[in-house]
Amino acid sequence: MSITKVRWHYYIAGAVFILLGLLTLRYPLEAIMTVGFFMGIGLIITGLDYFSAYYFFGYKRFILIGLLDFIMGVYMTFQPGVTAFVIPFAIGLWLLTAGISRIGVSLWLGGAGVRGWWLMFIYGIGLVGMAVLMVVSPLTGAPAIMMLLAFDLIASGIMSVIEGYMMFHE
């Protein structure tokens, strides 16, 4: 494969990422519903994979796991709005645990006499605050998650174009 062809792969991938990022910015609620839909498809495939593992290896526990994955996948595929509603709760719980952990570590660092411990404490309080907002108002949290995803996609696209230019420029 020539260098020019490789460079164009980077350019095309970058353009696709930028386009997906811009579409996510423009349609954040639709984007999160699409994420829920694809998560459902993934669970259906995983459930079928567990069924095949039972068939080939005979592990009975794979039937239950496969059935649960399959049922959850079908539900998520045909009810992507419910999945979109749950995603902010999951991220909110993650932010809550991260915030509480940072608060605990910062207090320990403060007790050990480490300077600047209060910065981590304030950051932990901020994470707990964001977690509460995500859980209390998932309709606000979902678009915020999609905005972060959109900016990540756009940045990835820009970096792909720059990498293609820098690495393969003749």
Side-chain angles (χ1 to χ4, degrees), residues 13-50 61-62 64-163:
V16 168
F17 282 140
I18 291 169
L19 177 63
L20 288 172
L22 292 173
L23 287 171
T24 302
L25 277 175
R26 178 69 176 100
Y27 304 104
L29 293 176
E30 291 83 352
I32 200 165
M33 290 186 70
T34 303
V35 168
F37 176 79
F38 285 121
M39 286 173 65
I41 297 294
L43 282 172
I44 289 171
I45 292 169
T46 303
L48 294 174
D49 186 48
Y50 276 115
R61 68 178 173 264
F62 284 168
L64 179 61
I65 296 169
L67 188 62
L68 290 173
D69 279 1
F70 187 81
I71 290 169
M72 183 60 84
V74 169
Y75 182 76
M76 289 173 69
T77 301
F78 292 104
Q79 297 293 327
V82 173
T83 304
F85 188 72
V86 171
I87 289 172
F89 284 110
I91 292 179
L93 289 174
W94 174 71
L95 288 173
L96 181 66
T97 58
I100 291 170
S101 173
R102 290 199 192 277
I103 290 169
V105 170
S106 71
L107 293 174
W108 180 81
L109 291 172
V114 175
R115 292 176 30 191
W117 65 271
W118 55 273
L119 291 170
M120 185 182 280
F121 182 80
I122 291 172
Y123 180 52
I125 299 262
L127 287 175
V128 169
M130 287 191 301
V132 169
L133 289 175
M134 285 279 202
V135 172
V136 170
S137 180
L139 294 178
T140 303
I145 293 166
M146 291 291 87
M147 293 299 152
L148 291 173
L149 175 64
F151 290 127
D152 180 59
L153 287 167
I154 292 169
S156 295
I158 291 169
M159 288 307 297
S160 183
V161 170
I162 291 171
E163 289 168 355

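What you see is a predicted model; the values in this text were computed from it and never measured. One is the number of the first residue; the rest follow in order along the sequence.
I158 places none of its side-chain heavy atoms less than 4.5 Å from the side chain of F17. Side chains of T34 and F38 form a contact here, defined as non-hydrogen atoms less than 4.5 Å apart.
For the side chain to side chain contact (heavy atoms under 4.5 Å, CB included) with V16, the qualifying choice from L19, L20, I18 is L20, the only one to do so.
The CD1 atom of I122 lies 8.5 Å from the CH2 atom of W117; values are rounded to the nearest 0.5 Å. To the nearest 0.5 angstrom, M130 atom CE is 4.5 Å from L127 atom CG. Summarising the geometry, atom CZ belonging to R102 is positioned 10.5 Å from atom OG1 belonging to T97; distances are rounded to the nearest 0.5 Å. Remark: T24 OG1 to E30 CD distance equals 10.5 Å, nearest 0.5 Å. Here the straight-line distance linking atom CD1 of I100 with atom CD1 of I125 works out to 10.5 Å at 0.5 Å rounding. A distance of 5.5 Å separates CZ in F121 from CD1 in I103, rounded to the nearest 0.5 Å.
The heavy-atom pair separating G40 from M76 by the smallest distance is CA-CB, 3.7 Å. Taking every heavy atom of both residues into account, A131 and L95 meet most closely at CB-CB, 3.8 Å.
Checked by atom type and distance alone, the side chain of S160 never pairs as donor or acceptor with a backbone atom of S156 at under 3.5 Å. Using a distance-only test at 3.5 Å, with no hydrogens or angles considered, a donor-acceptor pair links the side chain of T46 to the main chain of G42.
Counting non-hydrogen atoms of neighbouring residues, nucleotides and ligands closer than 6.0 angstrom, the OH atom of Y50 reaches no more than 12 such neighbours. The 12-atom threshold is not exceeded at CE of M72, counting heavy atoms of other residues, nucleotides or ligands nearer than 6.0 Å.
Contacts of F89 classified as ring pair (Phe, Tyr, Trp, His ring centres under 6.0 Å), with partners at least two apart in sequence or in another chain: F85.
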